[in-house]
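Values reported hereafter were calculated over all heavy atoms of this structure, with side chains retained and with hydrogens, waters and symmetry mates removed.
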Amino acid sequence: MRAPSLSRRLVLYLLAAQIVGVVLTTLAIELFVEEGALLMLERDRNELAVPRTNDIVVESLRRSMSGELSIDPSPALRAEMMRAPNLRFAVFDWETKSPVAGSSPALVAELVILRRIRTTHMHFSIDGDGFEVGKGHLSLMETPFGRVTVATYGHLFEWWDLLRTLQIEFQSYLRYFVLEVLAAVGVGWLAFKRGLEPLKRVAQQTERIDLNSLHQRLPLEGVPAEISSLVDSMNGALSRLDEGAERQRRFLANAAHELRTPVAILLERLDAPQQQGLMTDLRRDASRIRNIVEQLLAGARLEKRGADLEEMIDIVELGRSMVDLHVRLALKMRRHLEFSEEGASIIMVRAERLALESVVANLIGNALRAEPVGGSVIVGVGPGPEICIVDHGPGIPPDDRALIFEPFWRKESASPGAGLGLAIAKELMDKLGGRIWVEDTPGGGATLRISLPLAGAAPGEMADPHAR
C-alpha cells in the first residue's frame, strides 16, 4: 500500500496542531485572561455558571392557555436555588420589555432600566436592598416561546460549567475557525508544495540514473537541511554502486582478455596438428581456460550470495588436493610440483571452496609457466592461514608487483603467462575477505601468497603477519 504524500501528511499535522492550539488557547483565555484568574477568584469563577443557569431558567418557562408567559421552577431550578441561596432570576419579554410572571421582584426592580434601553448582553452588580455584593448577568436568548432577556444574579460555579463554557466559546468561534483552517490548509498546501520542489528535482534526477550513468550524483542545491542527509546517503550509495559496477566491468573485461589468449593459442595449435607435443600443449591450454572459467563461476556465486556460501575449509587438505590435481600437468610440462606443510597439520579457514580452489589453480598454472624446464614449483601451507605458490622463474620486479593485479596489464619483458588471471584472483580474494600479494623467492623467482580469515574469526579478521 502506497503511503500518503508528504504534503498531505504535513497539512494534516498542521490542521491537528491548529485544533489543539485553538482548544488550549480558548481554555487558557477562559481560565486566566478573560475571567481574571478564575481558579483563584471565587467571584469571577461564578461567571462560568451563567450559561447553565440561564438554560435552567429557560427550561422553567411555561405559556398558559391564555398565552401569558411565566416561570414555573423546574426540579433543576429548585435544586439550583437550594445550592445557591442568593440566586435571583428574571425574564423579560424582548418585544414588550415587561417582566415575566415568576421573576424575582427585587431583581426586576433593579433592572427597571431595561424599560428605557435595549441590550443583548450586560454584566451588572447590585448593592443594598438585601443583596450581597456580587455579579449579575443579562443576555438575550432564543427560546421556544420567542426572544426573551434572561437576567440572573448570585449564580454559583460548578465544575461542569467549565465544559459548558468551552462548548459555547467553540461554537461562537467555529465559523471563524473553519475559515482559518481553510485558509491555513490552502496556504500550507501551497507552501509545502513549493518547499518540496527540491525533492521533486531529486526524484527526477534519480529516475534518469541507470547502470550506465551511476557516476551521476543527486543535486543538493536548494534541498532542505532536514532532507540533505538523506540525499547525501543516496549519493554515497550511488558511489558504492558505481565502484561495484566498475569492478564488475573490469572483472569481466579481464576475464574476456584472459580467455582470448589461450583460445587463440589453442586455435593456432589445432592448425598444426602434426606438431610434436601437441596433446601436452592442448592439455595445458585447456587447463588455463578451465581455471579462468572456474574463477568466473566462483566470482558469480560470491557476488550473488556473499557470505552465505562461506564454509569451514582445511587449507592443508585443500593445498594437497590441488597439488594432486595438477601434478600430471606439471610432469607433461616437464616441471615438478611439490607440496610443503609448515606448522599444524590442520588449518581451518572461513571461505568458499570453489572460489579458493580456482584462485590456487590459477596461481599454480602461472607458476608452472614461469618455472624453468626441470624446475620445481612448491605449494606451501602455513604456518598461519596462508597458502604460498613458489616458482624459480624470472621473478617480478618490485615496481610491477602492484600492477600485476590490474586488468590488461602486460609487460613485454615478462615471461610468458606472467600475471595471467591475477586480476581475477584478486577480485575473488577481496570477496572472500582475504589478501593476495607477491614476494621474492630466495635465490630468484616469485612467491605468490594468499591469506584468509581463520575459522571463528570475525569477518575480515586475519592472522596475517605480513598485513600492513
Side-chain angles (χ1 to χ4, degrees), residues 240 242-262 287-303 315 319 322 349 351-352 354-371 377 379-380 384-441 445-453 460 462 464-468:
R240 292 188 293 273
D242 191 19
E243 293 173 1
E246 182 61 28
R247 284 197 303 270
Q248 287 295 321
R249 286 191 288 267
R250 291 198 309 267
F251 186 83
L252 294 175
N254 186 62
H257 180 78
E258 298 300 336
L259 282 171
R260 183 178 60 183
T261 300
S287 177
R288 290 181 63 190
I289 295 174
R290 183 190 63 186
N291 289 341
I292 294 173
V293 171
E294 287 180 352
Q295 288 183 99
L296 289 174
L297 291 174
R301 283 161 57 87
L302 286 174
E303 191 70 30
I315 59 173
M322 295 303 294
V349 299
E352 203 277 314
L354 177 60
L356 186 55
E357 287 179 348
S358 64
V359 171
V360 174
N362 180 283
L363 298 182
I364 291 176
N366 286 346
L368 288 175
R369 288 188 292 274
E371 183 71 25
V377 171
V379 177
E386 291 184 6
I387 300 176
C388 64
I389 291 84
V390 181
D391 69 61
H392 305 87
I396 301 173
D399 293 342
D400 296 339
R401 291 178 184 176
L403 299 176
I404 63 173
F405 298 107
E406 294 295 326
F408 305 115
W409 184 84
R410 296 284 182 182
K411 187 169 183 179
E412 294 180 358
S413 61
S415 60
L420 293 181
L422 288 180
I424 302 176
K426 186 178 185 306
E427 290 283 348
L428 290 177
M429 292 306 300
D430 289 342
K431 291 175 182 178
L432 291 172
R435 290 183 63 235
I436 181 170
W437 69 99
V438 62
E439 297 176 350
D440 287 328
T441 299
T447 298
L448 272 295
R449 292 184 179 272
I450 58 175
S451 178
L452 292 146
M462 296 178 294
D464 179 15
H466 301 281
R468 289 173 172 82

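We find the CG-CG distance between Leu422 and Leu448 to be 5.5 Å, quoted to the nearest 0.5 Å. Taking CD from Glu386 and OG from Ser451, the interatomic distance works out to 5.0 Å, rounded to the nearest 0.5 Å. Residue Ile436 holds its CD1 atom at 6.5 Å from CD1 of Ile450, rounded to the nearest 0.5 Å. Remark: Arg435 CZ to Arg449 CZ distance equals 11.0 Å, nearest 0.5 Å. Atom CG of Asn366 sits about 9.5 Å away from atom CD1 of Ile389, to the nearest 0.5 Å. For the atom pair Ile364 CD1 and Glu357 CD, the distance stands at 10.5 Å (nearest 0.5 Å).
What you find for Ala355 and Leu432 is that their closest heavy atoms are CB-CD1, 4.1 Å. The two residues Ala370 and Pro394 make their nearest non-hydrogen contact at O-CD, 3.8 Å. In this structure, Thr447 and Cys388 approach most closely via the heavy-atom pair CG2-CB, 4.0 Å. The minimum heavy-atom distance between Pro453 and Gly433, with the atom names listed, is CG-O, 3.7 Å. For the residue pair Trp437 and Phe405, the shortest heavy atom distance occurs at CA-CZ, 4.1 Å. The two residues Leu452 and Ala351 have their closest heavy-atom pair at CD2-CB, 4.2 Å.
The closest donor-acceptor contact from the side chain of Arg401 to the backbone of Ile396 lies under 3.5 Å. Distance alone, capped at 3.5 Å, places no donor-acceptor pair between the Asp391 side chain and the Glu371 backbone.
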